[in-house]
Structures are given as structure tokens and as C-alpha cells.
There are 2 protein chains.
Amino acid sequence: MDKDKIDKKDHILDVAERIFSDLGYEGASTRAISGEAGVNMAMLNYYFGSKEGLFLAVFERKISSFQTLLQNIGSNESMSSWDKLAKCIDNYVDRIIVNNCFQKLMNREMSISKRSELSDKITQILMVNVLEFKKLFDEGIKNGSFHKDTDTQLITATIFGTKNYIINSPHISSLMLGHDIRDEKFLEEKLKPRIKKYMKRLLKAYLVKDNDDTK
Amino acid sequence: MDKDKIDKKDHILDVAERIFSDLGYEGASTRAISGEAGVNMAMLNYYFGSKEGLFLAVFERKISSFQTLLQNIGSNESMSSWDKLAKCIDNYVDRIIVNNCFQKLMNREMSISKRSELSDKITQILMVNVLEFKKLFDEGIKNGSFHKDTDTQLITATIFGTKNYIINSPHISSLMLGHDIRDEKFLEEKLKPRIKKYMKRLLKAYLVKDNDDTK
DNA sequence: CAAAATTAATCAAACGATTGATTAAACTAA
DNA sequence: TTAGTTTAATCAATCGTTTGATTAATTTTG
């Protein structure tokens with residue numbers, strides 16, 4: 001059966017994802033990846049063609065899990081614009097805080113000028129979520145529940161930027177928060193709910209017209 | 001005179017800063033740097049000891065320009081907490097949008113696990129600004145002009161995160177904003193004022209108690 | 001079925017190229 | 001001359017990749 005083969009390729013991709021994430025593309029040697037994965041070096045080229053092929057494969061694997069995430073929330077007619085947005089925030093925070101090291105990897109590679117093929121691919125992945133949020137903002141403005149002079153583009157930058165800031169630079173965010181954010185327990189039990197609450201309060205204050213800020 | 005020597009060192013640092021920023025530490029070879037700077041490869045080691053020494057020198061040079069930036073605003077007694085914060089935002093946006101490629105470089109290196117010595121140094125640099133903002137938040141809460149349940153840590157993450165998101169991933173933010181953000185004219189004349197306005201409205205809505213959101 | 005032929009998977013070893021670093025000689029200016 | 005710069009040449013180490021050989025699995029053939 002080719003189950004084992006798939007498992008092995010998947011195992012290599014797991015290891016590669018972590019090492020690329022920790023050391024960057026150039027910093028991660030094929031020897032280190034194959035060594036840590038417990039496979040012969042040549043297997044990387046045998047399976048993935050090249051180092052770049054392996055790198056792209058790490059991304060390809062994740063795309064599907066990103067495509068269908070915030071979908072269908074926007075089409076629910078019975079919810080208010082704000083409730084939909086709040087639900088999106090909850091979903092988003094739940095999801096992105098786990099894929100931690102892949103998120104880091106993605107953000108780092110986005111900031112590198114060369115490898116434009118990869119940049120385009122990542123842009124495409126990220127844009128799905130960006131547009132999903134933007135749609136909600138536009139809808140809320142249109143039906144009058146959100147402020148008309150909302151900067152829908154920069155508020156999107158705030159949503160993703162706040163998350164990235166916490167995830168991408170664990171040193172400084174750990175120092176700021178007074179806890180090691182790589183502590184899974186803290187992340188899941190304390191930080192996640194806190195980010196959700198904060199995000200919703202921030203967005204509500206900025207967006208919603210009849211926002212009662214005493215509540 | 002050693003003026004020429006300083007100028008040459010400075011020129012090398014300029015080139016190194018740009019190449020490190022574009023390609024990352026591992027991706028930038030000493031040959032590429034020396035080649036583009038128009039100096040012999042051995043000069044890098046002669047001046048800076050090693051590649052890492054050069055890398056650190058790029059940072060050392062910038063530290064001083066970061067130390068004394070938001071200072072003294074917090075100590076002005078005649079301004080309200082909000083006015084001080086608004087002034088800090090203006091100063092901050094004015095400053096960080098120019099140092100563009102160094103910011104990118106700094107943020108990328110912060111997200112890499114090894115090179116902890118550098119991480120600590122960068123953390124130290126960034127913390128100055130973080131603490132400056134935090135002081136203003138705490139003051140505003142203390143004197144009753146800001147909401148008591150303000151999450152001073154996450155709102156700080158939002159300020160820096162929003163900026164980083166725009167600067168670090170020019171591909172996606174250009175796509176989002178409908179303009180190439182590497183266009184200096186657009187950056188200076190359009191984006192800067194827009195970010196300032198947005199940031200202040202966002203923070204005011206979230207922080208200030210008697211915020212009149214019709215204005 | 002079993003033997004033969006073919007394909008797939010894995011390995012150690014080595015490849016050429018590039019890396020950061022060093023050397024010793026040449027050059028420059030006081 | 002002498003001390004400070006700059007250069008070309010060279011170093012060992014490491015990079016990603018390729019090779020040829022070997023084993024395991026699968027398919028084909030009689």
C-alpha cells in the first residue's frame with residue numbers, strides 16, 4: 001500500500017516546515033532536514049525534485065486547509081453584520097494560533113524580495129481571508145450598522161497585523177505579555193480568549209455606530 | 001584624515017543594510033555585499049571582523065537614532081493623555097515609514113529562533129518604544145480619561161503590528177491598498193497621513209471614555 | 001503457480017559550486 | 001621607512017545536487 005509512502009512524505013514535510021520556520025529558507029540545509037526526518041538526503045530530491053520543490057510542497061499541502069475556513073459565514077442572512085464579524089474573529093483566532101510555525105514561515109518569506117513565484121502563491125492564500133473580512137466590512141457599511149468613514153483596508157491590516165506581531169516575534173511578545181507565548185497551555189487557555197475579547201472590543205469601538213462603551 | 005574611512009564604512013553599511021533586508025542574513029553573501037559596495041571582499045573582515053560583525057554593525061549604527069525618539073513627550077504636563085498619545089502616533093508614523101528596509105530586516109531577524117544575541121539586542125531596541133506607549137496608556141487609565149479595562153498590552157501589539165503588516169509584506173499591502181507602497185511619493189503624501197488619521201481614530205474609539213463618534 | 005522482468009525506493013559517496021575567512025604581497029600616505 | 005589599507009589568491013567547510021549500486025516491491029510472462 002502507498003499509505004506508508006504518503007506518511008513518509010508527510011513526515012518529511014512536517015520536519016521541513018518546522019526547520020524552514022525556525023531557520024528560514026537559506027538557513028535550513030537539506031542535510032539538517034533529511035537528518036532530522038531520519039531519511040537519506042537524496043530522498044528529498046527524489047520526492048520533491050529540489051530544495052525549492054520541497055519548500056513549495058510545504059506550502060501546497062497547507063493551501064487546502066486555508067481555502068475553506070471563513071467561508072459561508074458571510075452568507076448567513078439571519079445574523080447582523082457585527083455578529084458575523086465577531087464570529088469570523090473567533091474562527092480566525094482559533095485557527096491561526098495553532099498553525100503557529102507555518103504562519104511565521106509564511107510571513108517571513110513574504111518579506112523577502114526574491115522568490116516572487118512563492119510570494120504570489122502566499123499572497124493568493126492570504127488574500128482569501130483578507131477579502132472575506134473586507135466583504136463583511138463593506139456589507140456593514142452598506143446596511144448602515146458600521147461607520148461610513150471606516151478605513152476597511154487599514155482595519156484589515158490591523159486584524160492580521162496584530163496577530164502577526166504576536167506570532168512572529170515571540171521574544172518581544174513574551175516579554176510584553178509576561179509569559180512565554182510558546183507555552184501551549186497559556187496560549188490556548190489564556191491568550192486565545194483574551195485576543196478574541198480584545199479584538200472584538202477594538203473592532204466594535206471602531207466600527208459599530210450604536211456602540212455602548214459602558215458595556 | 002579618517003573621514004574617508006568613515007564614509008567608506010558607512011557606505012558598506014548602507015549597502016549591507018539593503019542587501020540583508022532584501023535577501024535575509026543567510027541569503028546575503030559577503031561577495032554580493034562587497035561587490036555591490038565596490039570594495040574588496042576582505043575589506044568586510046578587515047573593518048567588521050566577520051559577516052556577523054558586519055550584520056551587528058548595521059544594527060549598532062541604527063540604535064542611536066532609535067533611542068531618543070518618543071522621549072519627553074510623556075513628561076509634558078500641560079497636555080491631556082490623549083493629546084500626548086496622538087502626538088506619539090504622529091511621531092511614530094513619521095519616523096518608521098522611512099526606515100523601511102531596516103524595519104523589515106529587524107522584524108525578519110526577530111522571527112528567527114537562533115542568533116539569540118541579536119534577538120536580545122533587537123528586543124532591547126524595540127522595547128523602548130513599546131514601554132513609551134505603555135506608559136501613556138497607564139497614565140491615561142490612572143487619570144480616568146481612558147477606559148479601565150483597556151488591554152494595554154494588546155493595543156500596543158496593534159500599533160506595532162499594523163505598521164509591520166504594511167511595511168513587511170509590500171506585496172499584499174500593495175494589493176490591498178491598490179497602490180505600490182514602495183512608491184515614495186504615495187507613501188509620503190497619501191499613506192502616511194492616512195495611517196495617522198486611521199490610527200488615531202482607532203485608538204480614540206477604543207481608549208477614550210467620552211469619545212464622540214459622530215465627530 | 002513460479003520465474004523473469006520491470007519499477008520504485010533507498011543508500012553511501014562524490015560532484016561542482018559557493019560560502020565565509022585568511023593569507024601574503026602590493027599599494028598608499030605621512 | 002613605517003604603519004595603515006587594499007588587493008588577488010587561496011583556504012577549508014558546507015552547500016544543493018547527482019551518481020551508481022543495491023534492495024524491495026510490483027508486474028509480466030510462461
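Because the structure is predicted, anything quoted here is derived from the model rather than measured. Residue numbers start from 1 in every chain, and the chains themselves are labelled A, B, ... in the order their sequence lines are given, proteins ahead of strands.
For A/Lys134, the salt bridge (Lys or Arg N to Asp or Glu O under 4.0 Å) partners are A/Asp138, not counting sequence neighbours. For B/Glu189, the side chain to side chain donor-acceptor pair (under 3.5 Å) criterion is met by B/Lys185, not counting sequence neighbours.
Going from atom CG of A/Leu54 over to atom C1' of D/dT17 covers 14 Å, rounded to whole Å. Distance A/Leu44 CG to C/dC11 P: 11 Å, rounded to the nearest Å. One can place CE of A/Met43 at 12 Å from C1' of D/dA24, the figure rounded to the nearest angstrom. Between the CZ atom of A/Phe48 and the C1' atom of C/dA9 there is a distance of 14 Å, rounded to whole Å. We find that NE2 of A/His11 is positioned 17 Å from P of C/dA9, with the value rounded to whole Å. Across the protein-nucleic acid pair, A/Leu56 atom CG and D/dG16 atom P stand 15 Å apart, rounded to whole Å. Atom OH of A/Tyr46 and atom P of C/dA12 are 17 Å apart (whole Å).
Regarding contacts with the backbone of C/dA21, a side-chain N or O of B/Asn45 is found under 4.0 angstrom from either OP1 or OP2. The phosphate of C/dA8 has neither OP1 nor OP2 within less than 4.0 Å of any side-chain N or O from A/Tyr47. Dashed line: the shortest gap from a side-chain N or O of B/Lys8 to OP1 or OP2 of D/dT5 is not under 4.0 Å. Under 4.0 angstrom from either OP1 or OP2 of D/dA8 there lies at least one side-chain N or O belonging to B/Asn40.
For A/Lys9 and A/Phe48, the positive end sits near the middle of the six-membered ring, less than 6.0 Å away and at most 45° from its axis. Cation-pi geometry between B/Lys51 and B/Tyr25 is met: under 6.0 angstrom from the ring centre, within 45 degrees of the axis.
A salt bridge is absent between B/Asp151 and A/Lys197; no separation between the charged side-chain nitrogens and carboxylate oxygens falls under 4.0 Å.
Judged by distance alone, the side chains of A/Thr158 and A/Tyr206 never bring a donor and an acceptor atom under 3.5 Å apart.
Which of C/dG20, C/dA12, C/dT22 sits closest to the side chain of B/Lys51 comes down to C/dG20. Residue B/Met41 has its side chain nearest to D/dA9 when only C/dC11, D/dT7, D/dA9 are considered.
Looking only at distances, a side-chain donor or acceptor of B/Arg108 sits under 3.5 Å from a matching main-chain atom of A/Ser111.
Listed in residue order, the members of residues 29-39 of chain B having a heavy atom less than 4.0 Å from DNA chain C are B/Ser29, B/Thr30, B/Arg31.
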